[in-house]
Amino acid sequence: AKRQGRNNYRFYVHSANAASAARLNMENKLRQALEFEEFEVWYQPRFDIRKGIVVGAEALVRWRSPEFSLVPPAQFIPLAEDTGLIIPIGEWVLRTACQENQRWQRAGEPPLHVSVNLSARQFIQEDLLITIEQIVSDLNMDPHRLELELTESLIMPNAEDTLETLKALKRLGMQLSVDDFGTGYSSLSYLKRFPIDTLKIDQSFIRDLNHDSDDSTLVTAIIAMAQKLRLTVVAEGVETREQLSLLSRYECDYAQGYLCGKPMPATEFRQFLEKPLNL
Ligand code: C2E
Ligand code: CA
Ligand code: CA
Ligand code: CA
């Protein structure tokens with residue numbers, strides 16, 4: 001039994017080393033990816049339920065790795081956050097998304113916004129405001145067309161500092177939305193104190209909307225609260241016509257999900273904008 005134990009221990013040490021070596025290796029690959037511009041920004045439409053038109057898009061990063069092909073963000077954003085690489089990656093995403101938004105405007109599209117996800121690490125970074133202001137002014141972009149998506153867990157920990165940063169972003173003219181709303185274990189008091197424009201209801205509440213009365217109760221309550229607080233509401237993960245028609249009855253403002261369009265590369269999104277929507 002003793003020998004067995006020792007072997008187990010050795011095995012454990014060995015695999016812990018292997019794990020940290022693999023991590024370091026991935027970190028280096030991420031650094032290279034940044035240097036060789038292997039990241040892409042894909043765009044998923046946001047749909048105005050009342051008007052039946054596309055009003056903007058969410059920017060979602062992808063890593064086109066020569067070695068692993070197309071890597072979804074869930075597989076590299078956590079490591080990018082741990083290593084701080086999220087700061088240059090996030091800045092690249094912001095700039096790329098704003099540039100693409102300018103392209104839509106120049107092509108004579110009706111005004112469209114672009115939403116960019118911010119991670120906590122970026123948010124607490126001192127240069128954040130300067131970086132964003134610089135990007136918007138370099139591109140001569142109407143700041144109103146840039147929306148920043150924040151999660152509740154990002155907003156809550158340091159409420160006073162957060163409030164100052166959010167106010168500063170509003171002064172610059174950006175839109176602010178709460179991503180994955182309803183999943184963050186946080187008190188709702190921030191909604192009255194913080195200058196938020198939009199709630200994005202997490203897709204876990206939408207998935208069974210047509211079959212689960214608890215979900216429809218929660219979604220109608222969120223929409224009613226948002227209307228009173230003068231916030232707009234986006235339902236995430238809308239996949240079926242049945243979900244969309246319920247959301248329309250509930251007076252939800254916007255829908256995002258596979259029904260209206262999956263995330264797609266920039267050129268494909270531009271073609272998507274040219275075509276009439278058939279829902
Ligand atoms: P998120 O911000 O909640 O983005 C929505 C995710 O839901 C996207 O996954 C999107 O492809 C997926 N989705 C959209 N519609 C549907 C639907 O109808 N059904 C289902 N099942 N899924 C749908 P994606 O692109 O893999 O991104 C995952 C997460 O990675 C994002 O979740 C966001 O938290 C993070 N992320 C993506 N891009 C960035 C970025 O540039 N910066 C940061 N910090 N995080 C990012
Ligand atoms: Ca998001
Ligand atoms: Ca979300
Ligand atoms: Ca408001």
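No hydrogens, no waters, no symmetry mates; every other heavy atom, side chains included, goes into these values. Just so it is clear, the model here is predicted, and its values are computed rather than measured. The residues of the chain are indexed from 1 along the displayed sequence. Every number for a ligand or one of its atoms is a count from 1 in the order of the listing.
- With respect to atom 43 (C) of ligand 1, the closest heavy atom belonging to the protein is Asn117 CB, 3.8 Å.
- Considering only heavy atoms from C-beta on, Val41 stays 4.5 Å or farther from Glu100 through its side chain.
- Taking a distance limit of 4.0 Å, we find that atom 26 (O) of ligand 1 is approached by some protein heavy atom.
- Taking a cut-off of under 4.0 Å to the non-hydrogen atoms of Glu58, the atoms of ligand 1 that pass are 2 (O), 4 (O).
- Comparing heavy-atom distances from atom 37 (C) of ligand 1 across Pro73, Cys260, Ala80 singles out Pro73 as nearest.
- Residue Glu81 has no N or O atom closer than 3.5 Å to an N or O atom of ligand 1.
- For atom 19 (N) of ligand 1, a protein heavy-atom neighbour is present inside the 4.0 Å cut-off.
- Near Val93, with a cut-off below 4.0 Å to any heavy atom, the atoms of ligand 1 are 41 (O).
- For atom 31 (C) of ligand 1, the nearest protein heavy atom (residue, atom name, distance) is Leu60 CD2, 4.3 Å.
- When distances to the Ca ion (ligand 2) are checked against a cut-off of 3.0 Å, Glu149 contributes an N, O or S atom below that limit.
- The six-membered or imidazole ring of Phe269 lies away from that of Trp42, with a centre-to-centre distance of 6.0 Å or more.
- Of the listed residues (Glu147, Glu236, Glu58), just one forms a salt bridge (Lys or Arg N to Asp or Glu O under 4.0 Å) with Arg46, and that residue is Glu147.
- Taking 4.0 Å as the cut-off between side-chain N and carboxylate O, Asp215 and Arg207 do not count as a salt-bridged pair.
- Residue nearest to atom 1 (P) of ligand 1, selected from Val61, Asp179, Val71, Ile89: Asp179 (by heavy-atom distance).
- The N, O or S atom of Asp180 lying closest to the Ca ion (ligand 3) is OD1.
- For Arg241, the CZ atom counts as loosely surrounded, since its 6.0 Å shell holds 12 or fewer non-hydrogen atoms of other residues, nucleotides or ligands.
- The closest heavy-atom contact to atom 17 (C) of ligand 1, among the options Lys200, Glu239, Gln256, comes from Glu239.
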| message | Assess the residue pair Phe76 and Phe39 against the criterion (ring pair (Phe, Tyr, Trp, His ring centres under 6.0 Å)); give the C-alpha distance rounded to whole Å, side-chain angles, the decisive distance to 0.1 Å, and a yes or no. | response | CA-CA 11 Å; Phe76 65 91; Phe39 295 107; 5.6 Å; yes
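- Follow the hydrophobic side-chain contacts under 4.5 Å out from Leu176 and you never reach Val55; the two are in separate clusters.
- Of the protein's heavy atoms, Gln44 NE2, 3.0 Å lies nearest to atom 15 (N) of ligand 1.
- Ranking the protein heavy atoms by distance from atom 11 (O) of ligand 1 puts Pro263 CG, 3.2 Å first.
- Residue-environment remark: CZ (Arg103) exceeds the threshold of 12 foreign heavy atoms within 6.0 Å.
- Nearest heavy-atom pair across Leu279 and Leu244 is CD1-CD2, 4.1 Å.
- Taking 4.5 Å as the limit, every side-chain heavy atom of Thr151 sits out of range of all side-chain heavy atoms of Leu118.
- For the pair Gln122 (side chain) and Ser119 (backbone), a donor-acceptor distance under 3.5 Å is present.
- In terms of protein heavy atoms, atom 6 (C) of ligand 1 is closest to Gln203 OE1, 4.5 Å.
- Between the Ca ion (ligand 3) and Asp179 there is an N/O/S contact shorter than 3.0 Å.
- Looking only at protein heavy atoms, the nearest one to atom 44 (N) of ligand 1 is Ser119 CB, 3.6 Å.
- Summarising the local packing, CZ of Arg193 is surrounded by more than 12 heavy atoms from other residues, nucleotides or ligands at distances under 6.0 Å.
- The two atoms that bring Thr96 and Tyr43 nearest to each other are O-OH, 3.7 Å, heavy atoms only.
- Panel note: side chain Gln243, backbone Ile206; a donor-acceptor pair is recorded below 3.5 Å.
- Proximity of Lys262 to ligand 1, defined as any heavy-atom pair under 4.0 Å, is not found for any part of the residue.
- At the shortest separation from atom 16 (C) of ligand 1 among protein heavy atoms lies Tyr258 CE2, 3.2 Å.
- For Arg62, the heavy-atom gap to ligand 1 drops under 4.0 angstrom.
- If you number the atoms of ligand 1 from 1 as listed, the ones under 4.0 Å from a heavy atom of Asp180 come out as 3 (O).
- Angle OD1 (Asn117) to the Ca ion (ligand 2) to OE2 (Glu58): 90°, rounded to 10°.
- Checking Asp202 against the Ca ion (ligand 3), every N/O/S atom stays at or beyond the 3.0 Å cut-off.
- By the 4.5 Å heavy-atom criterion applied to side chains, Leu169 and Phe123 are counted as neighbours.
- Of all atoms in ligand 1, numbered sequentially from 1 with element shown, those under 4.0 Å from a heavy atom of Gly237 are 16 (C), 17 (C), 18 (O).
- Shortest contact from atom 5 (C) of ligand 1 to any protein heavy atom: Glu236 OE2, 4.1 Å.
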